[in-house]
A.B. asks: 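What follows is a single structure, and I will ask about it in a moment.
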Amino acid sequence: MISRKELQYVNKKIGNVPYPGDDYAEQVMAELKEAYNLFNAQYNGKSYNMILSNGQEFPFSIMDKNLCHMLGIDGKSMFNSDYGLAAASRVLGVDHYVPTFEVLQRIIDNSDAVIANEKKEGTYKFLNFYKTMIKCAIFKKMTTFKDFNFGFINFDKAKYDQNTTSSYYSPNSTSYIFMPSEEVLIPYFMVGFVQDNYSEFHVPETVIAPEDYYNFFIEQELLLPLQVLIDDNDHFTKWVASPEELLKLINRYENIIAKHNTRSKINIYEAYKLALTQLASQGNQRKLTM
């Protein structure tokens, strides 16, 4: 269960966050390893293509280069100074730039040394333990997309900026996938996506647990995920949302809109058109058999 104390430290710089104690630090390391293993088992090497209710296709992937950032760790800044490099050499056993995925691996493999380093005053810090704990919780909660227990926001950041005074979120995500959190303080976890500069895919830019989640819905376009195609090294799997799953999501949207007066638009034009086409086809088939 996420506490308010953890939330208050999420957006603070590492140097301004107190060491949480050995038990908490060890638990974070265990959660970090679990999230890492989950990524390798479930996401690594896979790409997804989601068909949405406005007819839009949304290709996305969670790549190894995204994981370190998703779990709340800055895997690059240590290489920007002699101070950081010295700490990386001493604690992680690396004295030159390596990809962030390797940084994450080394943090996990050297968890005892990392914890010992974070306890000391005046040393270079690698982790905001509170931030990583929450990011791991969000990552583990992320859907496999098979059960369609998630929603999709076609996000307009300009509208978000016009309608909220929040200063916590600066990312430029163009889409958000969100899922129920089962948390008391935060009803929904959210993952923001942007277009990758080097591929056709959208990739995660931000992973957040906002208490003011409803601000992300104000005057935004809400879409239904109709189906997801998974490409796993040329092996294709297609998951299709059931009418019951789509109705449940529509009801969730309507509840959020009514409760918070978000003035959101639910775009189901293509889904409705498809349903009518299927009904018309079934009607024609019945006529032919009479």
Side-chain angles (χ1 to χ4, degrees), residues 1-2 27-52 57-73 75 99-109 111 127 131-153 171 173 175-183 186-196 198-209 223-242 245-246 248-249:
M1 191 71 68
I2 295 175
Q27 184 181 356
V28 170
M29 287 300 183
E31 294 291 327
L32 197 60
K33 185 175 182 179
E34 186 175 345
Y36 171 82
N37 290 336
L38 176 63
F39 166 79
N40 284 318
Q42 187 164 298
Y43 298 108
N44 200 2
K46 294 182 181 179
S47 60
Y48 300 81
N49 191 37
M50 188 184 302
I51 306 299
L52 299 162
E57 292 193 29
F58 184 75
F60 68 100
S61 183
I62 301 171
M63 305 175 186
D64 56 14
K65 67 180 182 179
N66 307 132
L67 187 61
C68 193
H69 175 68
M70 288 184 75
L71 300 180
I73 300 171
T100 58
F101 191 63
E102 183 175 337
V103 171
L104 178 61
Q105 290 173 318
R106 286 177 178 266
I107 288 175
I108 293 170
D109 292 342
S111 59
L127 292 178
K131 182 177 184 177
T132 294
M133 177 68 91
I134 292 177
K135 300 282 187 178
C136 285
I138 300 171
F139 184 80
K140 287 166 59 179
K141 191 69 177 178
M142 277 181 62
T143 178
T144 62
F145 307 109
K146 183 177 183 179
D147 297 326
F148 291 90
N149 62 342
F150 61 96
F152 190 98
I153 304 174
S173 299
S175 308
Y176 276 89
I177 290 175
F178 69 97
M179 65 290 296
S181 68
E182 299 179 6
E183 294 282 341
I186 304 155
Y188 296 100
F189 290 149
M190 309 187 75
V191 182
F193 287 81
V194 294
Q195 179 74 50
D196 182 57
Y198 305 101
S199 72
E200 63 179 309
F201 299 110
H202 295 81
V203 295
E205 181 200 27
T206 183
V207 178
I208 55 176
L223 304 175
L224 305 179
L226 303 181
Q227 68 179 43
V228 178
L229 180 68
I230 303 97
D231 182 357
D232 183 4
N233 295 322
D234 295 326
H235 176 74
F236 292 95
T237 304
K238 180 187 285 187
W239 293 329
V240 180
S242 69
E245 289 167 330
L246 296 178
K248 186 176 181 179
L249 181 56

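Computed from a prediction, not measured in an experiment: that's the story for all the values here.
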A.B. asks: Between I73 and I107, what is the shortest heavy-atom contact and its length?
C.D. replies: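 Shortest heavy-atom separation between I73 and I107 comes out as CG2-CD1, 3.9 Å.
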
A.B. asks: Tell me whether E205 contacts the main-chain N or O of P171 through its side chain, where contact means a donor paired with an acceptor under 3.5 Å.
C.D. replies: no

A.B. asks: Can you list everything that forms a side-chain contact (heavy atoms from CB on, under 4.5 Å) with L246? Sequence neighbours excluded, please.
C.D. replies: L224, L226, A241

A.B. asks: Drop me the distance from Q105's CD to T100's OG1, to the nearest 0.5 angstrom.
C.D. replies: 10.0 Å

A.B. asks: Checking ring pair (Phe, Tyr, Trp, His ring centres under 6.0 Å) for the pair Y43/F139: CA distance, chi angles, key distance, verdict?
C.D. replies: CA-CA 11 Å; Y43 298 108; F139 184 80; 5.6 Å; yes

A.B. asks: Any side-chain heavy atom of I177 within less than 4.5 Å of one from M50?
C.D. replies: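 Contact flag for I177/M50 side chains = yes.
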
A.B. asks: To check you understand the geometry: which heavy-atom pair defines the closest contact between V240 and E245, and what is its length?
C.D. replies: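 Heavy atoms of V240 and E245 come nearest at O-OE1, 4.3 Å.
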
A.B. asks: Given F60, which partner from the list Y176, F152, F193 fulfils the ring pair (Phe, Tyr, Trp, His ring centres under 6.0 Å) test?
C.D. replies: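 Testing F60 for a ring pair (Phe, Tyr, Trp, His ring centres under 6.0 Å) against Y176, F152, F193 leaves exactly one candidate, F193.
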
A.B. asks: Under the salt bridge (Lys or Arg N to Asp or Glu O under 4.0 Å) rule, collect the residues that match up with D196, sequence neighbours excluded.
C.D. replies: K65

A.B. asks: Would the distance check show the side chain of T206 and the main-chain N or O of G192 forming a donor-acceptor pair, the cut-off being under 3.5 Å?
C.D. replies: no

A.B. asks: Assess, by modelled atom type and distance only, whether the side chains of Y188 and E183 contain a donor and an acceptor separated by less than 3.5 Å.
C.D. replies: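 The answer is no; no qualifying pair exists.
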
A.B. asks: If the condition is ring pair (Phe, Tyr, Trp, His ring centres under 6.0 Å), which residues does H69 pass it with, not counting sequence neighbours?
C.D. replies: none

A.B. asks: Can a donor-acceptor pair be found, under 3.5 Å and without considering hydrogens, that links the side chain of T144 to the backbone of Q42?
C.D. replies: no

